[in-house]
Amino acid sequence: MPELPEVEVVRRGLEQWVSGRTITSVEVRHARAIRRHLAGPADFADRLIGRTFGPAHRRGKYLWLPVEDTGTSVLGHLGMSGQLLVQPAGAPEEPHLRIRVQFTDTRTPEAGGLGGTELRFVDQRTFGGLSLHTQVPGEPDGLPDAIAHIARDPLDPVFDEDAFHAALRRRRTTVKRALLDQSLISGVGNIYADEALWRSKLHYERPTATVTRPRSVELLGHIRDVLNEALAVGGTSFDSLYVNVNGESGYFDRSLDAYGREDEPCRRCGTPIRRRPWMNRSSYYCPRCQRPPVRRALPRRA
DNA sequence: ACAACGCCCTGAGGGC
DNA sequence: TGCCCTCAGGGCGTTG
């Protein structure tokens, strides 16, 4: 569920509440939560204790914190249901608490400090996790090598629009598959893909090879718009699973035009929105505004 | 090399 | 009431 806007909200929370703090203890409660850290839980903790977190960064749905003076970064992914929460150390444990990180600072929030709070990774479905990786040399932000293959996201100032269009045309696939391919464009998931396609009046099964340059420019514009609008209201929450570091939900679900609106009228033309099974999930679209691609007739055999 | 599929996982909700 | 089935779906390893 967390896509780029939701992850960015969490990144900002980490920047405010976790960056600059020095770690005293790391408790891994569920091994699956650090499965991408191949050296295991003890190694993960050993490498962090006594170290200090740098600024929080994000690419697509991944976020990371450089660990100062180590050439490594802690990488995080929320998966379907992951949460990074900053909680008072004495707060009751969440049912799906997976990792707990405590810090040295003792100055309380009332005294203008951050002391007395800890970082918790909570994850019901365990698709997410934390791990520690070597930084890619020459990358200024400490990009973890494990995500060097992840494309820049459309809100990144360095995102290459020309390269995106060229890659889209080169692919032999359909447009929604391409939007969800994080090596082509990152940060877009099922919700915002459906929203951007609805705004672009594009059917999810349109072959990428038929998307013209003006259409891909328009699509990219709608992707940026919908991501920015969601970010401005704190992201989308369908249930209580997605929250910021303070446990609060966003409000963008009230603004969705397609996703989750099966049988409700299209906000452009009134036609009931349809839901179709698609790659073990769902695609929501307006059957009138988003016409399916016309299949070219096969050449008639003699 | 590229495209597509299967699997990982748990809780909510529906049907009977 | 309780059980079983389906659904939610991001990313990666495997298969085609």
Side-chain angles (χ1 to χ4, degrees), chain A residues 1-8 10-11 29-38 58-64 75-84 93-99 121-131 133 144-153 163-164 166-197 204-211 223 227 230 235-243 249 253 256 258-263 274-284:
Chain A
M1 208 70 75
E3 303 180 30
L4 189 153
E6 295 76 32
V7 179
E8 174 61 17
V10 172
R11 187 202 67 78
R29 302 282 289 270
H30 194 297
R32 193 173 145 78
I34 59 149
R35 67 192 180 285
R36 290 192 76 176
H37 188 82
L38 302 178
R58 182 189 54 73
R59 176 178 288 192
K61 303 171 200 171
Y62 282 97
L63 41 78
W64 70 90
L75 177 65
H77 197 290
L78 302 177
M80 283 294 299
S81 54
Q83 305 173 340
L84 282 164
E93 288 190 8
E94 294 77 6
H96 305 292
L97 175 64
R98 308 305 190 194
I99 300 168
F121 180 71
V122 176
D123 190 8
Q124 176 202 109
R125 293 176 211 170
T126 70
F127 278 25
L130 302 181
S131 48
H133 302 278
D145 58 8
I147 60 163
H149 65 290
I150 299 293
R152 290 183 184 271
D153 62 64
F164 171 73
L168 205 59
R169 293 301 295 258
R170 212 180 306 122
R171 289 296 177 97
R172 290 294 172 265
T173 187
T174 51
V175 65
K176 187 173 172 182
R177 287 184 130 94
L179 292 184
L180 297 187
D181 183 340
Q182 305 296 301
S183 67
L184 197 58
I185 180 172
S186 70
V188 180
N190 202 39
I191 296 174
Y192 296 115
D194 279 1
E195 292 302 303
L197 290 169
Y204 57 97
E205 283 189 318
R206 172 161 294 280
T208 50
T210 70
V211 177
I223 292 170
L227 295 177
T236 301
S237 309
F238 274 95
D239 49 36
S240 56
L241 284 182
Y242 162 67
V243 291
S249 297
D253 53 317
L256 294 175
Y259 188 87
R261 297 195 66 241
E262 184 178 20
D263 295 334
R274 276 190 195 155
R275 179 172 72 91
R276 285 286 176 272
W278 184 84
M279 284 187 64
N280 287 325
R281 57 198 73 177
S282 293
S283 278
Y284 296 88

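Per chain, numbering begins at 1; letters A, B, ... match sequence-line order.
At the phosphate of B:dA4, OP1 or OP2 sits under 4.0 Å from a side-chain N or O atom of A:R177. For the pair A:S282 and C:dA8, the criterion of a side-chain N or O lying under 4.0 Å from OP1 or OP2 is met.
Taking only side-chain atoms of A:T173, from C-beta outward, the nucleotide of B:dA4, C:dG11, B:dG11 with the closest atom is B:dA4. Distances from the side chain of A:M80 to the nucleotides C:dA8, C:dG11, B:dC8 place C:dA8 closest. When distances are taken from the side chain of A:K61 to each of C:dC12, C:dG11, B:dC8, the shortest belongs to C:dG11. Candidate nucleotides C:dG10, B:dT10, B:dC9 were compared by shortest atom distance to the side chain of A:Q124, and B:dT10 ranks first. The side chain of A:H77 lies closest to C:dG10 when the candidates are C:dA8, B:dC9, C:dG10. Listed nucleotides: C:dG10, B:dG11, B:dA3. Nearest to the side chain of A:R171: B:dA3.
Both stacking criteria are satisfied for A:F127 over the base of C:dG10: a centre-to-centre distance under 5.5 angstrom and an angle between ring planes under 30 degrees.
With 3.5 Å as the limit, one finds a donor-acceptor pair spanning the side chains of A:T126 and A:R32.
Under the 4.5 Å side-chain criterion, counting only non-hydrogen atoms from C-beta, A:E6 is not in contact with A:I191. Two residues are said to be in side-chain contact when any heavy atoms from C-beta on lie closer than 4.5 Å; A:N190 and A:K176 meet this criterion.
Distance check, rounded to the nearest 0.5 Å: CD1 of A:I34 to CG of A:L75 gives 13.0 Å.
Separating the CG atom of A:L180 from the C1' atom of C:dG11 is a distance of 11 Å, rounded to the nearest angstrom. Atom C1' of nucleotide C:dG10 and atom CG of A:L179 are separated by 15 Å, given to the nearest angstrom. Between the P atom of C:dG11 and the CD atom of A:Q182 lies a distance of 4 Å, rounded to the nearest Å. The nearest whole Å value for the distance from the OH atom in A:Y192 to the P atom in C:dG10 is 12 Å. Here the P atom of nucleotide B:dC5 and the CG atom of A:N280 are 9 Å apart, to the nearest Å. The interatomic distance linking A:R125 (CZ) with B:dA12 (C1') rounds to 9 Å, in whole Å. Spacing between atom CD1 of A:I191 and atom P of C:dA8 amounts to 11 Å, rounded to whole angstrom units. Rounded to whole angstrom, the span from the CH2 atom of A:W278 across to the C1' atom of B:dC5 amounts to 12 Å.
With DNA chain B read from its 5' end, the first of the two nearest nucleotides for A:T174 and A:R281 is the one closest to A:T174. Residues A:H96 and A:M279 each lie close to DNA chain B; by heavy-atom proximity, the contact nearer the 5' end of the strand is made by A:M279.
Between A:K61 and A:D153 there is no salt bridge, since no side-chain N of the basic residue sits under 4.0 Å from a carboxylate O of the acidic one.
Counting only distance, with no hydrogens or angles, the side chain of A:S183 and the backbone of A:H149 share no donor-acceptor pair below 3.5 Å.
A:R36 comes within 4.0 angstrom of sugar-phosphate atoms only, judged by non-hydrogen atoms across all strands, and of no base. A:H30 comes within 4.0 angstrom of nothing in the nucleic acid, heavy atoms only.
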